[in-house]
Amino acid sequence: MIRFTVITITYNAEQVLERTLQSVLHQTYEGVEHLIIDGASKDGTLAMAEAYKQQSDASDSGHKVIIKSEPDHGIYDAMNKGLTQAYGDYVVYLNAGDFFPQNDTLEQIVHRCKLTEYPSEALPGVLYGNTDIVDNEGRFLHPRRLQPPAKLTWRSFRQGMLVCHQAFYARLDIAKNLTYDTRYRFSADVDWCIRVMRESERMGLPLYNINMVVANYTEEGATTKNHRASLKERFDVMRRHYGLLTTIMMHIWFVIRSYRS
């Protein structure tokens with residue numbers, strides 16, 4: 001059986017966490033490990049997580065829930081902690097407020113990608129799909145503006161992060177050797193996805209398009225106080241992977257695209 005590790009990063013997340021937990025609990029697929037990596041929350045997050053673990057243990061879902069709570073050095077440090085403890089074949093990050101769109105989302109992924117037909121060493125390096133944006137109450141707003149291409153490569157992210165982090169399933173044996181670069185505060189996920197795809201290509205492994213919505217992502221707002229710093233980091237990530245000239249040209253295109261949309 002193909003196993004999935006779902007990692008949820010939390011910190012004082014009691015307002016939005018419940019829908020994330022319930023969406024994992026009710027997955028019809030049995031091979032699920034759920035790691036909740038908490039940054040020493042001071043609200044009701046941990047109590048909610050513990051109640052969820054008891055609910056999961058008492059069910060017949062076969063899911064395994066692990067909770068770890070301690071101070072961290074930011075979200076990417078917490079994500080790395082999750083990687084070190086994961087044991088599935090694929091890892092996906094579903095953070096507080098985000099959730100699977102259907103109870104059979106993981107089951108459909110296995111079926112659509114024909115994962116049971118691959119020998120373990122030949123499993124695709126990445127599975128990727130579409131994302132819908134929801135509001136703070138979990139209500140559908142619109143599909144994510146950037147859509148994944150039919151054929152994804154590590155070069156595709158020159159056009160922006162075409163696949164949402166929550167819709168990016170990385171083979172765990174690759175991911176464990178490519179931890180998040182904690183020098184970045186806001187864009188280490190972009191860098192990590194590119195490096196995972198590059199390593200998959202080096203190993204001759206396909207990137208498989210699931211061709212369905214696999215994640216509902218809670219909208220954070222178009223403008224945040226860290227928006228400028230995030231853009232600077234993303235420029236540096238692209239420069240490192242694609243070269244300075246290509247990055248400058250693509251950012252000119254981003255500006256043009258923003259005016260057209």
Side-chain angles (χ1 to χ4, degrees), residues 7-11 13 37 39 72-84 86 91-98 125-131 133 144-149 152-172 174-201 207 214-258 261:
I7 300 178
T8 299
I9 308 301
T10 62
Y11 181 70
I37 309 298
D72 55 49
H73 299 290
I75 188 170
Y76 297 120
D77 178 47
M79 288 179 174
N80 282 336
K81 289 180 181 180
L83 277 180
T84 63
V91 60
V92 64
Y93 287 86
L94 200 67
N95 290 332
D98 306 326
V126 174
L127 315 174
Y128 67 97
N130 297 68
T131 305
I133 306 301
R144 185 171 182 261
R145 182 176 63 85
L146 293 180
Q147 293 290 311
L152 182 71
T153 76
W154 68 268
R155 298 169 185 84
S156 300
F157 275 29
R158 290 179 297 186
Q159 303 172 52
M161 194 173 186
L162 299 184
V163 180
C164 183
H165 195 210
Q166 286 79 352
F168 187 94
Y169 291 69
R171 238 177 72 163
L172 187 62
I174 297 174
K176 275 183 175 287
N177 293 321
L178 298 170
T179 55
Y180 291 84
D181 188 340
T182 55
R183 292 176 297 174
Y184 294 116
R185 295 179 58 205
F186 311 111
S187 299
D189 52 344
V190 182
D191 171 68
W192 180 78
C193 288
I194 294 171
R195 287 188 288 124
V196 168
M197 290 187 289
R198 291 186 77 160
E199 180 62 12
S200 298
E201 180 180 289
L207 311 181
V214 295
N216 288 336
Y217 176 77
T218 300
E219 185 175 54
E220 297 175 332
T223 303
T224 70
K225 64 180 180 180
N226 295 319
H227 185 61
R228 185 183 295 270
S230 176
L231 290 177
K232 287 182 178 179
E233 280 196 358
R234 192 160 297 196
F235 183 93
D236 185 62
V237 168
M238 291 182 65
R239 178 190 60 78
R240 286 177 54 214
H241 288 290
Y242 306 123
L244 180 59
L245 180 59
T246 296
T247 300
I248 291 174
M249 296 300 295
M250 291 308 304
H251 276 73
I252 292 172
W253 164 241
F254 295 160
V255 173
I256 297 172
R257 184 176 65 185
S258 68
S261 60

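Predicted model, so just to flag it, every value in this text is computed and none were measured.
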query = Can you tell which of Trp154, Tyr180, Phe157 makes a ring-ring contact (aromatic ring centres under 6.0 Å, His included) with Trp192?
reply = Tyr180

request  = Return the minimal non-hydrogen interatomic distance between Ser156 and Pro149, and the atom names on each side.
outcome  = OG-CG, 4.1 Å

key: Inter-residue atom distance Ile133.CD1 - Asp98.CG, 0.5 Å rounding   = 9.0 Å

request  = Could you tell me whether a side-chain N or O of Thr247 sits under 3.5 Å from a main-chain N or O of Met238, the two making a donor and an acceptor?
outcome  = yes

query = How about Val163 and Thr131: do any of their side-chain heavy atoms sit closer than 4.5 Å?
reply = no

query = So how far is it from Arg239 CZ to Ile248 CD1, rounded to the nearest 0.5 Å?
reply = 10.5 Å

inquiry  = Ignoring hydrogens, what is the shortest heavy-atom contact between Val214 and Ala167? Give both atom names and the distance.
reply    = CG2-CB, 3.5 Å

task = Tell me, please, which residues at least two apart from Asp191 pass salt bridge (Lys or Arg N to Asp or Glu O under 4.0 Å).
result = Arg195, Arg240

message = Is it true that Tyr184 and Asp236 share a donor-acceptor pair across their side chains at a distance under 3.5 Å?
response = yes

ask   = Can you name the nearest heavy-atom pair linking Ala175 to Val91, along with the distance?
value = CB-CG1, 4.0 Å

task = Please assess Tyr217 against Arg144 for the test side chain to side chain contact (heavy atoms under 4.5 Å, CB included), listing each intermediate value before the final yes or no.
result = CA-CA 9 Å; Tyr217 176 77; Arg144 185 171 182 261; over 6 Å; no

ask   = Under 6.0 Å from the NZ atom of Lys232, do we count more than 12 heavy atoms belonging to anything else shown?
value = no

query = Sub-3.5 Å donor-acceptor pair from the side chain of Tyr128 to the main-chain atoms of Leu152, do we have one?
reply = yes

inquiry  = Nearest 0.5 angstrom please: Tyr169 OH to Leu207 CG, how far?
reply    = 15.5 Å

ask   = Does a side-chain heavy-atom distance below 4.5 Å link Ile37 with Tyr11?
value = no

message = Please determine whether side chain to side chain contact (heavy atoms under 4.5 Å, CB included) holds for the pair Met197 and Val126, giving the CA-CA distance in whole Å, both sets of side-chain angles, and the decisive distance to 0.1 Å.
response = CA-CA 7 Å; Met197 290 187 289; Val126 174; 4.3 Å; yes

key: Set of residues satisfying side chain to side chain contact (heavy atoms under 4.5 Å, CB included) with respect to Arg158, sequence neighbours excluded   = Arg155, Tyr242, Thr246, Met250

ask   = When you measure from the side chain of Ser187 to the backbone N and O of Glu233, does any donor-acceptor pair fall under 3.5 Å?
value = no

ask   = If you measure from CD on Glu199 to CD1 on Ile174, what distance do you get to the nearest 0.5 Å?
value = 6.0 Å

query = Can you name the closest pair of heavy atoms from Gly97 and Thr218 and give their distance?
reply = O-OG1, 2.6 Å

ask   = If every non-hydrogen atom of Cys193 is compared with every non-hydrogen atom of His165, which pair is closest and at what distance?
value = SG-CD2, 4.0 Å

query = Quick one: CG on Leu162 to OG1 on Thr153, what's the gap to the nearest 0.5 Å?
reply = 9.5 Å

ask   = How long is the span from the CD1 atom in Ile7 to the CE atom in Met79, to the nearest 0.5 Å?
value = 8.5 Å

task = Scan side-chain atoms only and decide if Asp189 and Tyr76 contain a donor-acceptor pair under the 3.5 Å cut-off.
result = yes

